Amino acid sequence: MDKLQPLANPFIKEGGFTRLALDHMPNQIFWKDLNLHYLGCNKAFAEVVGLSCTDDVVGKSDYDFLRDTSMAHRYREDDQRVIDTGIPIIDRIEHYDDAHGGFGVVSTTKVPLMEKDQIVGILGICVDITAQKMAESKIYDSEQRLLSIMSAISHGIQENDCTGTITYANQAYHTMLGFEDGQLIGKKFWDVLATDDDIVLMKARFFALLASHSEPTSLIVKSRHKNGQLIWVKADWTYRRDVDGNLLGFTSLISDITQSKIAQDKLDFLAHHDALTQLPNRTLFNEITDKAIKRARRENTMLAVIFLDLDRFKNVNDSLGHSAGDELLVSVAARLQGVLRDTDMVARLGGDEFVVLLEDIHDLTRVRLICEKISRSLTTPLPVLGQTVMIGASQGISIYPNDGDTVDALLSHADAAMYLAKERGRNNYQFYTQALTDNIRRRLEMENSLHLAIVRGEFELFYQPQINLFSNQISGVEALLRWHHPTRGLLSPVEFIDIANETGLIVDIGRWVLQKACNQLAFWQQSHVAINRVAINIAGMQLERGDLVADIAEALLFSGVPAHMLELEVTESFIMQHSDNPVLWLTQLRNIGVHISIDDFGTGYSSLSYLKQLPVQKLKIDKSFIHDIPHDENDMAITAAIVAMAHRLGLAIIAEGVESQEQIDFLLGCGCVEGQGYLFGKPMQASHIEHLLSEQNTVIDSQL
């Protein structure tokens, strides 16, 4: 087998190995003589300068290839320096325009060519770094853009490493905390971002995140400006990693939320406090009391809830105006706070209702003591708009756990006890008892039944005769409502009229009474029953609502009854409580033609000057003055005075509650000619009245 022959000398024989290697290199390679003319180049260089053959470069200079002569001149200076000094130029960054109109960047190295220790030329190698420079330029532009954004953004930007050391902070972050640029770098972020109270929390949070690798979240923390001012900041943390995913630390967006925190705190305060008195409202009271109940349950202690309703507050509002009422409520709040311990709480539920929470109660002595202090505090004159007013408070008390184990139960039971205090004269306090709940339940049942009573036809009018005391004949009747309750039997208004007034049902009930009484009177007329007049009680709410005139006109129209046969009774107490309006109201009724009587006269303290203004025809003496006649001289004197006054004013007079012949004799002696009472007959059904009249007429006929 023949041996391989060695390759010929590549530097001597054209097309040898060296030429082959040079032309396959991607870098541009060239060599020049001492006159800086090209002696040769590789294929990569020839393509850049636009030559189809590497031999075409021989004898040419840079001026032959470069359109920019200043660039060619700079290349020539560099070449000459290498030849003159023998010192290579390493990695010189140069820009060029290629023959195809393109643009590039190269890293050029130029070294002297030596032969026998003599410089005979220059060798150059150009590495094209255009793509690298373009990438670096993009990275640089991106970094500059990011820095520009981070510098311009109003939020703070912070970067820290895994030890918590700040490695970057933008201008806004420095300004937010009152530092000069660069002063935050190198500090632990919790030392500059959190106050002493929150440093431990923030540090623990940071290292817990590092250990758990859980997703970072926002953190709101109280911080401090360098000048000492407290601020609130929100930090949104995100992980910062390298290209391999290794954790470098955190990047945080820091926002100054002081103003929004102040605004939110104000909203939270308003949501949980009364805007007028600044006391806790019902929502906050419920929250605090619920926690107090749980503590009391754990510690086996008692707590008390005191429900207060101001007495005579409406009088202040009505007489002095709502601004006076507001000032009074603020003063009351201050008084209540003044008699309580720091551990107790007072809240305003609304209107003139307040509630007090007393914790850690061991017996009822302390509760009584607080209630007495409250009473003394609120009965002391209070300044209002330059005046002093006198009020008081009705207080109801419920005790945990005896009276309930929830906030609602304790409030409800204290409220019920408060109403008992009002019923017992106001300005006192009452403890809750189970009987109150029973009464409330019965009251609710009564109210529900009362709503259905008209629809179910459960009401009936009874009639009590009114007697002419001289002739002992029936002069009229008073219509009195009775309720055939489905379970409790026949009920008088005493058992349900308060509920009817409170619920407003009295208006519908009163309208029914009017229609029923007029229809009954029409029937009696048609049947020739000698009833000259029917008296009907009118509730105050019927007058206040303003529909009474229309209701009466409608009842008279559909029944065909003459207006003068209808007598409306209005209590003296209602007239005196509404002294501004009754003259107008009663005048409107009088204009219809109906008669008007003042019921329960003598109990409302009306004056003669006011009485003579009222368009009334009759006074009904209250039975409380008749009951003890002839045994009580004061009642006899008052009754005689009322009768005399009625005669002087030209008013008819009737006494109610007549139950003995002695009372009849006294009334006749005074000049009172009409009476009503059990002596003559209890309230009875219409048919019984008709029978009574029939018997009366029979007696009269027999006497004739």
Side-chain angles (χ1 to χ4, degrees), residues 135-136 138-265 267-268 272 287-288 290-291 294-295 298:
E136 289 177 356
K138 289 181 179 180
I139 293 172
Y140 177 80
D141 290 345
S142 178
E143 289 177 346
Q144 291 302 309
R145 191 181 306 111
L146 180 60
L147 287 173
S148 176
I149 293 171
M150 293 174 73
S151 298
I153 197 170
S154 59
H155 295 280
I157 304 292
Q158 169 195 284
E159 290 182 356
N160 57 268
D161 60 20
C162 291
T163 69
T165 303
I166 298 174
T167 57
Y168 171 80
N170 69 343
Q171 175 65 46
Y173 189 36
H174 283 85
T175 302
M176 185 186 301
L177 298 179
F179 288 88
E180 297 293 333
D181 276 355
Q183 289 184 342
L184 295 177
I185 308 303
K187 297 180 181 294
K188 299 297 184 183
F189 77 85
W190 47 76
D191 290 334
V192 298
L193 190 59
T195 58
D196 294 341
D197 296 337
D198 292 330
I199 284 178
V200 174
L201 171 65
M202 181 170 280
K203 188 175 180 180
R205 177 82 173 272
F206 172 72
F207 285 110
L209 281 173
L210 288 180
S212 65
H213 298 288
S214 58
E215 190 64 29
T217 56
S218 298
L219 182 67
I220 294 177
V221 65
K222 183 169 59 177
S223 188
R224 191 180 297 277
H225 193 275
K226 193 176 181 181
N227 63 12
Q229 179 184 356
L230 287 175
I231 61 174
W232 285 90
V233 298
K234 177 186 178 188
D236 293 297
W237 293 353
T238 58
Y239 287 124
R240 189 162 51 87
R241 302 180 184 276
D242 62 18
V243 294
D244 297 322
N246 299 314
L247 184 62
L248 299 177
F250 289 90
T251 298
S252 303
L253 178 69
I254 314 295
S255 306
D256 185 341
I257 60 168
T258 304
Q259 294 305 314
S260 61
K261 186 70 167 60
I262 292 173
Q264 185 61 49
D265 288 347
L267 289 175
D268 290 343
H272 292 86
E287 293 176 3
I288 292 176
D290 184 62
K291 294 177 182 177
K294 292 175 181 175
R295 278 195 301 273
R298 289 195 305 269

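Worth saying up front: this structure is predicted, and the values here are computed from it rather than measured.
Between F206 and F189, the ring planes are perpendicular. Angles over 60° get that label, and only those under 30° would be called parallel.
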(request) Might you work through the side chain to side chain contact (heavy atoms under 4.5 Å, CB included) test for L253 and K234, ending with a clear yes or no? (result) CA-CA 8 Å; L253 178 69; K234 177 186 178 188; over 6 Å; no

**Request:** Could you go through the side chain to side chain contact (heavy atoms under 4.5 Å, CB included) check for T167 and R240 one step at a time?
**Result:** CA-CA 12 Å; T167 57; R240 189 162 51 87; 3.8 Å; yes

Review point. Yes or no on side chain to side chain contact (heavy atoms under 4.5 Å, CB included) for V192 and Y173, after CA distance, side-chain angles and deciding distance?
Key: CA-CA 11 Å; V192 298; Y173 189 36; 4.1 Å; yes

Problem - Check against side chain to side chain contact (heavy atoms under 4.5 Å, CB included), E287 and H272 - result: CA-CA 10 Å; E287 293 176 3; H272 292 86; 3.5 Å; yes

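Within the model, atoms CD1 of I157 and CE of M176 stand 9.0 Å from one another, a figure rounded to the nearest 0.5 Å. How far CZ of F207 is from CE of M202: 12.5 Å, rounded to the nearest 0.5 Å. Here the OG1-CD1 distance, from T258 to I231, works out to 5.0 Å after rounding to the nearest 0.5 Å.
At most 12 non-hydrogen atoms from other residues, nucleotides or ligands lie less than 6.0 angstrom from NZ of K203. Within a 6.0 Å sphere centred on NZ of K226, other residues, nucleotides and ligands contribute more than 12 heavy atoms.
Judged by distance alone, the side chain of D244 and the main-chain N or O of N246 form no donor-acceptor pair under 3.5 Å.
With hydrogens and angles left out, the side-chain atoms of T165 and K187 include no donor and acceptor closer than 3.5 Å.
Within the 4.5 Å cutoff, no side-chain heavy atoms of T251 are placed close to those of Y168.
Considering every non-hydrogen atom in both L193 and A235, the closest pair reads CD2-CB, 4.4 Å.
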